[in-house]
Amino acid sequence: MHWADFTAEKLSKERGNRQVACSGITPSGEFHIGHIREILSAEMIHRACLDAGLDSRYIFIVDSMDPLRRVYPFLSEEYEKYIGCPLAFIPAPNSDGKPDPNGLSYAEHFLGPFLDALAEIGVFPEVIMNHETYSKSQFAEKIDSAIEQADEIREIIETISGRELDDDWFPYKPLGSDGSMDGVTVTGYEKPFVHWTDRHGKSGSADIRKAEGKLPWRIDWAARWGIHGITCEPAGKDHGAAGGSFDTGLPICKLLGSEPPSKMVYEWIQVKGAGPMSSSSGNTVGPIEALNLVPPEILRYLIAGSKMNRHIDFNTGSALFQMADEYERLVADPPNPDAEDLTKRQRVAAITQSGAMRLSQIKRGGDPLDSLAGVTFRHLAMLAQIKTSDDDVWNSLRNSGHLSGEPNSALQNRLERMRNWIGSIHFPEDARINIQKVIDENSRAQLSSEQLSFLEKLAVELRDSEWSDETIGNTIRMTSANSGVSGREAYIALYWAMLGRSHGPKASALIFEIGKNAAIELFSS
RNA sequence: GGGCCUGUAGCUUAGUCAGGUAGAGCGCCGGGCUUUUAACCCGGUGGCCGGGGGUUCAAAUCCCUCCAGGCCCGCCA
């Protein structure tokens with residue numbers, strides 16, 4: 001069974017009909033591909049719950065109340081003064097990394113493009129800005145409860161995480177006079193006010209019914225489970241470590257009077273750049289960038305097709321061919337769990353694969369066949385490189401029998417992404433078609449004298465040839481017959497001459513794209 | 001130091017939770033398509049399931065142990 005369906009079944013038994021799946025991310029900077037797993041793990045479980053007939057919601061909590069922790073490399077020094085301030089209350093950086101007082105908040109700034117990317121992969125969460133949950137007083141009861149039971153919570157955190165808390169530790173962090181929660185000391189509590197003095201010597205009171213402070217992370221997380229009735233929240237492996245925030249969250253959530261979701265941990269996505277630059281610069285791949293290269297259903301399949309506890313190598317190099325082709329193959333020839341002659345294992349595998357395919361669809365319940373491009377990624381990569389216009393690509397596919405009529409949106413989408421990919425540093429070099437200007441020494445060494453004379457003759461014949469795919473093909477055949485080289489040898493010679501390899505895409509189409517003068521120059525060189 | 005995960009064919013892996021004769025894709029090899037779209041079709045090669053021990057009629061699967069690799073653990077989501 002697919003992990004999402006398995007989880008849905010488990011949730012149904014444990015928590016009944018009403019389910020709330022949740023993701024949570026701090027918008028401290030650009031979102032990256034790893035966040036896609038956070039989102040999709042929960043969203044796919046949500047979909048599986050719906051498919052199982054459960055009443056399910058999917059919420060995405062944006063940790064907008066979290067403070068800016070440090071001045072990140074993409075920020076200017078001016079952000080120094082905002083350290084410790086909630087991301088919802090400070091200005092977003094402009095293109096120079098300077099605070100832009102007229103723009104969006106820091107949190108919104110980074111969230112917007114991410115939500116756009118999510119829409120492209122068919123994810124439409126209920127977005128909850130955590131600072132609003134604070135300002136709408138929804139945290140108040142939990143905060144009061146946490147303060148009243150501060151000793152118990154301290155005990156839980158110290159015992160389970162093995163961490164020693166300071167003597168002045170308090171389960172609520174008020175904002176000081178400058179809006180920062182750094183350097184603020186709690187001096188007392190009179191419901192609903194937490195009294196404080198800050199590092200500037202000023203004192204004041206934070207109303208727990210407003211966004212004037214927040215719970216520390218470990219308590220915040222535990223509290224929100226209860227506030228939103230969350231039944232499932234897959235967490236990154238960093239939370240999953242023994243004594244981590246998941247482990248302390250479970251008892252704290254109960255202490256605050258709610259039932260926590262059961263622990264669920266997903267592995268991380270690692271970016272192994274195929275391009276030479278990514279290893280040195282170490283830059284991450286953003287979801288928007290990823291979507292420019294990878295068709296959305298295939299990005300979903302990356303997550304759906306991997307078990308939660310396995311790390312994923314996000315590879316925009318040659319592995320992308322493999323992943324895309326695997327998806328294509330599955331859609332074209334779907335596994336049939338009902339087939340008679342399957343062993344138990346094969347049946348389980350078939351069910352799992354069907355689930356992965358179902359969950360990979362952009363639209364829930366969408367027909368996988370609608371996402372069938374009908375061409376392998378590798379083949380499309382070749383055509384995209386030798387055909388400059390999309391119409392020529394479609395024509396070529398019609399000629400080869402891959403396409404009848406007009407391309408569907410999935411195929412158009414694939415080609416668009418493919419062109420982006422080819423234009424990027426991520427496209428694998430060995431798939432790149434580099435047409436030689438002259439026959440290099442290495443290629444020449446591969447060729448017999450007959451083959452070389454064939455090329456010379458071809459150059460002459462082409463001079464008077466009409467410039468069409470078909471005519472060029474005929475000219476090749478005619479010339480090879482006249483030169484006494486076999487068809488096979490002739491083509492091999494052409495590929496060595498054009499590409500420096502023994503194989504390649506259809507030669508006549510390639511010569512057509514090279515153009516008459518360049519081709520003649522090449523073959524007579 | 002604490003903990004998690006992984007180790008199955010040359011490569012990527014399914015199957016491990018619910019034990020029942022090791023599956024797939026890629027690659028490779030051979031053949032076909034009346035002489036090449038990196039296409040397509042057919043067939044084939046290939047694995048003491050990391051090592052060892054235990055439980056069982058039966059172990060890739062459960063238990064113990066060892067080896068190897070990856071990762072997480074600063075109130076930091």
Side-chain angles (χ1 to χ4, degrees), chain A residues 1 3 6 10 23-28 35 38 61-63 65-67 69-70 87 130 157 161-163 165-166 169-171 173 181-182 214-221 235-248 265-268 270 305-311 313 315 318-319 321-323 325-326 329-330 335 342-350 352-353 356 375-383 385-387 396-397 399-402 430-431 433 469 473 476-477 480-481 485-492 494-495 499 501-510:
Chain A
M1 193 183 290
W3 52 261
F6 182 80
K10 183 161 158 276
S23 302
I25 301 176
T26 306
S28 54
H35 291 129
E38 163 81 24
I61 297 179
V62 181
D63 284 301
M65 198 62 193
D66 283 18
R69 302 198 198 291
R70 57 191 173 85
L87 300 173
N130 209 32
I157 293 177
S161 75
R163 183 173 301 144
L165 299 175
D166 292 341
W169 177 87
F170 193 76
K173 297 166 80 168
M181 54 190 92
D182 285 2
K214 79 182 288 285
L215 294 165
W217 159 242
R218 283 174 188 256
I219 307 172
D220 181 300
W221 202 23
K237 61 144 63 180
D238 46 344
H239 298 302
S245 45
F246 220 128
D247 286 353
T248 52
V265 177
Y266 62 84
E267 259 284 351
W268 282 4
Q270 293 171 10
S306 308
K307 295 198 298 184
M308 263 204 188
N309 62 2
R310 288 191 91 106
H311 88 255
D313 283 324
N315 186 330
S318 56
F321 281 122
Q322 207 164 323
M323 185 169 63
D325 288 348
E326 183 180 315
R329 192 168 49 245
L330 267 177
L342 295 182
T343 64
K344 184 193 168 190
R345 287 174 200 166
Q346 290 171 319
R347 200 177 304 281
V348 168
T352 305
Q353 286 183 321
V375 198
T376 64
F377 230 49
R378 199 170 279 279
H379 187 50
L380 195 59
M382 183 267 297
L383 290 178
Q385 288 181 87
I386 61 172
K387 305 286 189 188
S396 175
L397 288 172
N399 288 337
S400 60
H402 288 95
D430 63 353
I433 294 175
D469 197 325
I476 294 170
R477 274 186 279 277
S480 73
V485 292
S486 72
R488 185 184 176 80
E489 302 246 297
Y491 280 104
I492 290 174
L494 284 173
Y495 291 120
L499 306 174
R501 296 178 203 175
S502 63
H503 294 275
K506 189 177 182 181
S508 55
L510 204 50

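In what follows, chains carry the letters A, B, and so on, assigned in the order in which the sequence lines appear, proteins first and then strands, with residues in each chain numbered from 1.
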Span that lies between the P atom of G32(B) and that of C49(B), in whole angstrom: 38 Å
Salt bridge flag under 4.0 Å for residues Asp220(A) and Lys214(A): yes
Euclidean distance, atom CZ of residue Phe377(A) to atom P of A39(B) [Å, nearest integer]: 16 Å
Sugar-phosphate only, base, or nothing, as touched by Phe321(A) at under 4.0 Å among non-hydrogen atoms: nothing
Sugar-phosphate, base or nothing in reach of Ser396(A), heavy atoms under 4.0 Å: base
Pairwise 5' ranking along RNA chain B for Pro67(A) and Gln353(A), keeping only the more 5' one: Gln353(A)
Base-pairing mate for C17(B) - Watson-Crick or G-U, with both contacts under 3.5 Å: none
side-chain contact (heavy atoms from CB on, under 4.5 Å) assessment of Met65(A) paired with Leu87(A): CA-CA 6 Å; Met65(A) 198 62 193; Leu87(A) 300 173; over 6 Å; no
Spacing between Met323(A) atom CE and U12(B) atom P, to the nearest angstrom: 16 Å
For atom NZ of Lys237(A) and atom C1' of C73(B), their distance in whole Å: 11 Å
Between C1' of U13(B) and CG of Leu330(A), the distance in whole Å: 13 Å
Nearest-Å distance once atom C1' is located in both G20(B) and G30(B): 36 Å
Separation between the C1' atoms of G70(B) and G23(B), rounded to whole Å: 26 Å
Touch class at under 4.0 angstrom, heavy-atom based, for Trp268(A) against every strand present: sugar-phosphate
Selection from G25(B), C40(B), C17(B) that lies nearest to any side-chain heavy atom of Arg329(A): G25(B)
Sugar-phosphate only, base, or nothing, as touched by Leu165(A) at under 4.0 Å among non-hydrogen atoms: base
Touch class at under 4.0 angstrom, heavy-atom based, for Leu383(A) against every strand present: base
Among C40(B), G15(B), C76(B), the nucleotide that comes nearest once only the side chain of Arg218(A) is considered: C76(B)
From U37(B), A14(B), A18(B), nucleotide with atom closest to Lys307(A) side chain: A14(B)
Gap between atoms CE and P, on Met308(A) and U13(B) respectively (whole Å): 18 Å
Opposite nucleotide pairing with C4(B), Watson-Crick or G-U, both atom distances under 3.5 Å: G70(B)
Pairwise P distance, U37(B) and C33(B) [rounded to whole Å]: 14 Å
side-chain contact (heavy atoms from CB on, under 4.5 Å) evaluation trace for Met308(A) with Glu267(A): CA-CA 6 Å; Met308(A) 263 204 188; Glu267(A) 259 284 351; over 6 Å; no
Nearest-Å distance once atom P is located in both G7(B) and A14(B): 7 Å
Separation of the P atoms in C26(B) and C71(B), to the nearest angstrom: 31 Å
Whole-angstrom distance between A59(B) and G15(B), as gauged at atom C1': 13 Å
U6(B) versus A58(B) - spacing of their P atoms, nearest Å: 27 Å
Length of the line joining Glu267(A):CD and C73(B):P, which is rounded to integer Å: 12 Å
Base-pairing mate for C40(B) - Watson-Crick or G-U, with both contacts under 3.5 Å: G32(B)
Distance test, side-chain N/O of Arg310(A) to OP1/OP2 of G7(B), below 4.0 Å: yes
